[in-house]
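Computed over heavy atoms, backbone and side chain alike; hydrogens, waters and symmetry mates excluded.
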Amino acid sequence: VNIPLLQDRLALRVSGFTGERDGYTENTYLNEDTRDDERHGGRIKLLWQASENLDLLLSSESLTTKGRLDRGQVIYGRDNITNLPAWRGRPWQDLATALGVTLPPISLGKAAENGGEYRDKVDRQVLTINWAIPNHNLQSISAYEEIDSYLLDDRDRTILDISSLTSKPTR
């Protein structure tokens, strides 16, 4: 949406989006669909044409993304080197056997592992100044961006709680 505030001097633009993707992998261990995704964001821009030779554009935007992960025992092809199913011979198979745990069979579009998740939030502000002086155009771009991310990823790709990667926001 474009909104003129002062004719030929000040204008506001507002935009946004939202989107979602349902999970497309069946995690038989968690009994739910995973690999889903939600995204939401928006942007506000304010343009001020201060004079014939000077304009300022202030932009502020935000993006939020979140979803659930699984990675482990989903096969979409074959290992190019050994021509074996992609996860055969994974190092945790022997350990699971030694611990008396039977890992589920591998099948296309299904996973059986501890779940994971991710969340990201990005906030950004940008100020652009354009100044036309005789025989030159000067432009200044100043920006500030803040990103908060969280990731929990089951690295052993089994129902065993052996190895996971966790990344937490710094603030």
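- Between V122 and E145, some side-chain heavy-atom pair lies under the 4.5 Å cut-off.
- Here the side chains of I147 and D120 are not in contact, with every heavy-atom distance at 4.5 Å or above.
- Under the 4.5 Å side-chain contact rule for hydrophobic residues, F17 and L12 do not share a cluster.
- Residues L56 and L58 fail the side-chain proximity criterion, which asks for heavy atoms closer than 4.5 Å.
- R68 has no carboxylate O lying under 4.0 Å from a charged side-chain N of E117, or vice versa, which leaves the two without a salt bridge.
- Nearest heavy-atom pair across N137 and A132 is OD1-CB, 3.4 Å.
- Hydrophobic cluster membership differs between L10 and L47, with clusters built from Ile, Leu, Val, Met, Phe, Trp and Tyr side chains linked at under 4.5 angstrom.
- Contact record, G23 with D36: N-CB, 3.5 Å, taken as the closest heavy-atom pair.
- Residues L5 and I3 have side chains in contact (heavy-atom distance under 4.5 Å, counting atoms from C-beta outward).
- There is no path of hydrophobic side-chain contacts, each under 4.5 Å, that joins L63 to V126.
- Residues E61 and S59 are in side-chain contact: their nearest non-hydrogen atoms beyond the backbone lie under 4.5 Å apart.
- Between D123 and K121 the shortest side-chain heavy-atom distance falls below 4.5 Å.
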Original post:
Stepwise, does the side-chain contact (heavy atoms from CB on, under 4.5 Å) test hold for L69 with L151?
Top reply: CA-CA 9 Å; L69 299 168; L151 171 67; 3.6 Å; yes
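- Under the 4.5 Å side-chain heavy-atom criterion for ILVMFWY residues, a single connected hydrophobic cluster contains both I44 and W48.
- Distance alone, capped at 3.5 Å, places no donor-acceptor pair between the R119 side chain and the T65 backbone.
- V1 and L57 fall into different hydrophobic clusters, defined by Ile, Leu, Val, Met, Phe, Trp and Tyr side-chain heavy atoms under 4.5 Å apart, directly or through other members.
- Heavy-atom contacts from other residues, nucleotides or ligands closer than 6.0 Å to CD of Q7 number 12 or fewer.
- Inspection of the Q139 and N130 side chains reveals an N or O donor paired with an N or O acceptor under 3.5 Å.
- A side chain to side chain donor-acceptor pair (under 3.5 Å) check over residues 10-23, counting only residues at least two apart or in different chains, returns the pairs N2-R13, T18-H40.
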